[in-house]
Amino acid sequence: MSFTHAVTRPENADELASAILGHLTYTIGKPTDAATRSDWRLALTHAIRDLVIAPWFDSVRRSYAEDRKRVYYLSMEFLIGRLLEDAVDNIGLGDMARDALEGLGQDWREVLDDEPDAALGNGGLGRLAACFLDSMSTVGLPAHGYGIRYDHGLFRQSFHDGWQVEEAEEWLRQAHPWEFQRREVQYRIGFGGTVTPGEGDAAHWEPGDAVLAAAYDTPVPGWGGKWTNTLRLWSAKPERLFELDRFNQGDFVGAAAPAILAQTISRVLYPDDTTPQGKELRLKQEYFFSAASIRDLMRRFLIDHEDLSQLPDKVAIQLNDTHPAIGVAELIRVLIDDHGMSFDAAFELARGTLHYTNHTLMPEALERWGWDLMQSVLPRHLQIIEMIDRRHEAENPDRPDVTRIIDHGEIRMGNLAFIGSCRVNGVSALHTDLMKRTVFADLHALHPDRIVNVTNGVTPRRWINTCNPGLRNLINDRIGDGWVTDLDELEKLRPLADEAGFREGLDAAKRANKVRLSNWLADRGAGTLDPDALFDVQIKRLHEYKRQLLNILETAALWNEMREHPDRDWPSRVKIFGGKAAPGYAQAKLIIKLINDIGAKINADESLRGRLKVVYPANYNVSMAEKLIPAADLSEQISTAGMEASGTGNMKFSMNGALTVGTLDGANVEIREAVGPENIFIFGKTADEVHALREHGYDSRPAIEADPRLARVISQIESGEFSPGDPDRFKGIGDTLRHHDWFVVTADFSAYWAIQRRIDDAWKHREDWLRKSAINIAGMGRFSSDRSIRNYAERVWQAETME
Ligand code: F58
């Protein structure tokens, strides 16, 4: 019988204040007059954390007692952001915590803003994993997230003269009070070495070197504190802290070198958003966390089960993209080499247990590892992958070569994940359909029941309830707060779109958010912004397919037009950009510089009388998104159709009442269905049309010739009008647009220009704009990540929630 000492939930702000003071004194060790803002934040965090622990233990106990199927979400990335405010709100103490802290003389917002973002991810994929953690807890699904505890998350971005500069990020410089190091949980993860045959299918692998995977647990409380799951992140530690011999000989640096090398495995998040780095270190990172997680989940399974054949009934492992796909070989290896199973039996079990989510159709982004690299880093896994490939071939003797796992000296991780999984899913209806027709067409033909769709979603807790209190209160006043855990309830707002009072409330909430954002941006050098201007926002990783270039070309063309027709009734617009480019992605970095240079020119032009501004705050991250999204009027979702798997920012904007300008790509297609075509601004070529344009090599010349506005902007860029000190700077961009416009920016320019002018008109009809905004919010029910998780539980994991 285990005993939990439960901290009593405070009844009022005074009681909570006393808990905070207790922690300030006894945990942080500071008197109030010496406490810094961070000390107050840490004290508050400890007081809140105390309230999460007993329910956490309860959740673990119940899931063991009832022997439910458990879900393990393996993800190389968890883009969490800040934890404190979300946790406070999830356990229902938001107002009390604010009162308590302000009673102690502290500014609530400043204390919350002191928390560094946990930026353990690059973009949408990592943020999706974070939303899923929140939803798995909220719907009461027994689940663990598994990932890497990077010492340095995604790099910090600054602009030097408009160019992106990267610096290491230091989220662990301050204490990270949410995690618990589990010193007793350590797994030895080997690399390299030799393999000798054993009995039957088994072998003995003697790794050449090894590191320890050390566990750090973070509780993830769901809404209402009813269910709490665990995020377990692995940190790489050396087997020996230093080599005593070498130290004693005075070689202090050499003595520490092996330890430092071991720790590099969890040192940094790869900032690559384009192609996986063909780097040994990345493969080692992937194996490191997949192997530790599989060993850990097997240990947990074996506590209560002896019969390995029960594995698929009790365990579902989700591979978030191909990054943990080496886990297919690892699970089979463990079953064969450690548990004495035959290869065939092990393969069947693995294929019943593993599932794979694909997040991209770009073939260059599907991971491949060189045969030689795999042989030197994971020799036993290479043997197993060869066995899987041979078996697949034997089962499908006519399979085309593209379905092979090993081909041309490379291991294709997408095919390994597909062949080793029970279910494979895409992340929006369009993406899943294209997966079946393109990258996985041949595997789909062989395994027609394997691919399913699970459209992405986002958590309404963080992305409405916490980040947009004005909207939250407005909704709660009208329909209660049931929507927080049942987002379909937002449908009840649909009739209110026709009610003037509701629209006014919406208007006021948005305006207050815009004022707050304007002040925040002014502090970052953006100058004065007009909160009554149309706030037009594109925030996401910089990538050519996301077409920030299309947006800035249209902005420059608008500038031209405004100067030519200064007396026209131009509505005021603020163009806001946010996002980082992968450090090695030269073209994306050049586009950032172009945005900043065009922005500087426009912002300095007084003849515009402030009616057009370009703002690009540096270092876009989750907490910046929480400020920008509630203040946006227009959401830019303008990717080349067929290339954005889903998008999740698109959902967050709509939920917060922004209207979307977008292509028929990713989840935009489903957003259009949900809000109705009259409440979204869709333009441009469809995925099939883009495909057709590319079939014979897309020639952009006719499009440029046919649109004088486009032709002029391209000439301005090429002639150095935006870069007078360095007129050739953007020649490469002109060249791309004229000769290798793979992302068909030029083909969509005219349609984009036209729809932006329609948006200018729509903006002038305030009532109607607000009606559309209300309908957008009302239609967002299906984009809750709770719905996504329920879909996974049903269609993929066959797991039940603890209702
Ligand atoms: C994103 N992928 C998709 N990859 O681009 C987006 O459409 C989708 O909504 C989201 O996943 C969630 O499904 C994405 O973010 C990465 O960041 C990878 C990181 C590792 C290297 C390759 C890209």
Side-chain angles (χ1 to χ4, degrees), residues 73 75-79 119-132 135 147-148 150 153-155 268-279 281-283 285-286 289 318-325 356-368 413-414 424-432 434-435 453-459 463 539-547 579-585 588 620 622 625 637-653 662-663 665-671 687 783 785 788-789 791-792:
Y73 197 84
S75 179
M76 190 87 168
E77 305 192 359
F78 287 93
L79 187 43
L120 310 184
N122 273 292
L125 174 153
R127 184 52 236 175
L128 184 77
C131 282
F132 282 2
S135 284
I148 299 179
Y150 299 103
L154 187 61
F155 66 86
V268 278
L269 166 78
Y270 266 89
D272 199 310
D273 198 28
T274 46
T275 53
Q277 306 255 347
K279 293 264 169 65
L281 182 59
R282 175 141 176 126
L283 177 58
Q285 285 187 327
E286 295 184 353
F289 99 97
Q318 190 66 34
L319 308 174
N320 194 26
D321 215 287
T322 53
H323 317 145
Y356 156 55
T357 305
N358 172 277
H359 296 269
T360 181
L361 299 170
M362 283 186 283
E364 70 273 21
L366 284 180
E367 291 183 297
R368 292 153 185 259
M413 301 307 272
V424 175
N425 78 284
V427 290
S428 73
L430 175 67
H431 169 232
T432 302
L434 290 171
M435 260 170 85
N453 178 55
V454 181
T455 298
N456 284 166
V458 303
T459 168
W463 295 110
I539 43 175
K540 45 185 82 247
R541 284 298 288 259
L542 250 291
H543 202 295
E544 288 164 280
Y545 85 78
K546 295 180 188 281
R547 298 200 297 189
K580 300 178 182 180
Y585 190 173
Y620 172 65
V622 172
Q637 308 300 335
I638 58 175
S639 50
T640 313
M643 300 199 76
E644 188 68 270
S646 162
T648 46
N650 46 3
M651 303 167 185
K652 294 167 196 164
F653 278 105
T663 45
D665 200 14
N668 295 354
V669 176
E670 288 153 86
I671 292 178
F783 300 105
S785 45
S788 308
I789 287 301
N791 287 167
Y792 274 101

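Just so it is clear, the structure is predicted and the values come from calculations on it, not from any experiment. As the structure lists them, so they are numbered: ligands from 1, and atoms in each ligand from 1.
Proximity to Glu77 (heavy-atom distance under 4.0 Å) selects the following atoms of ligand 1: 19 (C), 20 (C). Set against the non-hydrogen atoms of Tyr545, the atoms of ligand 1 under 4.0 Å away are 5 (O). If you number the atoms of ligand 1 from 1 as listed, the ones under 4.0 Å from a heavy atom of Ala645 come out as 7 (O). Atoms of ligand 1 lying under 4.0 Å from at least one heavy atom of Glu644, given by number and element, are 3 (C), 5 (O), 6 (C), 7 (O).
Not one N or O of Lys546 is nearer than 3.5 Å to an N or O of ligand 1, by distance alone.
For His323, every heavy-atom contact with ligand 1 shorter than 4.0 Å involves the side chain, none the backbone. At a 4.0 Å heavy-atom cut-off, ligand 1 touches Asn456 through the side chain alone.
A donor-acceptor pair shorter than 3.5 Å cannot be found between the side chains of Thr648 and Asn456. For the residue pair His359 and Asn320, a side-chain donor N or O sits within less than 3.5 Å of a side-chain acceptor on the partner.
For an aromatic pair to be called close, the ring centres must be under 6.0 Å apart, and Phe289 with His323 fails this.
The shortest heavy-atom contact between Leu125 and Ser75 is CD2-OG, 4.5 Å. Leu269 and Tyr150 get closest at one heavy-atom pair: N-CD2, 3.4 Å.
Here the CG-CG distance, from Leu154 to Leu79, works out to 7.5 Å after rounding to the nearest 0.5 Å.
Considering Leu125, Leu366, Leu154 only, the shortest heavy-atom separation from atom 2 (N) of ligand 1 involves Leu125. Around atom 9 (O) of ligand 1, the closest heavy atom drawn from Gly647, Gly124, Ala667, Ser788 belongs to Gly647.
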* Asked: Going through the checks in order, is the side-chain contact (heavy atoms from CB on, under 4.5 Å) test met by Asp321 and Met413?
  -> CA-CA 10 Å; Asp321 215 287; Met413 301 307 272; over 6 Å; no
